[in-house]
Amino acid sequence: MTTRANIKITVLQVLDRMPIGYPQPVTALRADVSLALSPRPGSADIDLAIRELESLRLITSTTCLITGERKYAITDAGRVQLAQI
């Protein structure tokens, strides 16, 4: 399995542990993914994986209009894909 695939799987696993309705801030998501993998991926690699997962509609994001902070949550399709791993 490639490093990028491991990062994507870890992103899905981290988001799947979050309660429904509580999206994960991008900074916390990066930190959780980085801590879960060895060697630790860089922020650019994590951000690329996040963008790819979002384009596949396995995760979704919202942006706070006041702070500009992006938050992420896993979709039902993301849960299905995670269950197949």
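Index from 1, following the sequence. Source: prediction; values computed, not measured. The analysis underlying the following values was restricted to heavy atoms, covering all of them including side chains, and did not include hydrogens, waters or symmetry mates.
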| query | Are R70 and T62 side-chain neighbours, meaning at least one heavy-atom pair lies under 4.5 Å? | reply | no
| Rounded distance (nearest 0.5 Å) linking atom CG of D76 with atom OG1 of T60 | 11.0 Å
| field | Presence of salt bridge, D47 and R30, under 4.0 angstrom | value | yes
| query | Taking atom CD1 of I85 as the centre, does the number of heavy atoms from other residues, nucleotides or ligands within less than 6.0 Å exceed 12? | reply | yes
| said: How close do L58 and Q81 get, counting heavy atoms only, and between which atoms? | reply: CD2-CG, 3.6 Å
| request: To the nearest 0.5 Å, tell me how far T10 OG1 sits from K8 NZ. | output: 12.0 Å
Determine all donor-acceptor pairs shorter than 3.5 Å in which one atom belongs to a side chain in residues 34-46; sequence neighbours excluded.
none

| task | Determine the minimum heavy-atom distance between R4 and L48, stating which atoms define it. | result | NH2-CD2, 2.9 Å
| Spacing of L53 atom CG and I7 atom CD1 [to the nearest 0.5 Å] | 10.5 Å
| Between I74 and L12, what is the shortest heavy-atom contact and its length? | CD1-O, 3.7 Å
| Shared hydrophobic cluster for V33 and V26 (ILVMFWY, side-chain gaps under 4.5 Å) | yes
| Hydrophobic cluster membership, L29 vs L82, 4.5 Å side-chain cutoff | yes
| query | Under 3.5 Å, is there a donor-acceptor pair between the side chain of S61 and the main chain of Y72? | reply | no
| message | Restricting to side chain to side chain donor-acceptor pair (under 3.5 Å), what partner residues turn up for R79, sequence neighbours left out? | response | D16
| Is the closest side-chain heavy-atom distance between T75 and R57 below 4.5 Å? | no
| note | d(T27 OG1, K71 NZ) to nearest 0.5 Å is 9.5 Å
| message | Going by the rule salt bridge (Lys or Arg N to Asp or Glu O under 4.0 Å), which residues pair with E69 if we only count those two or more places apart in sequence or in a different chain? | response | none
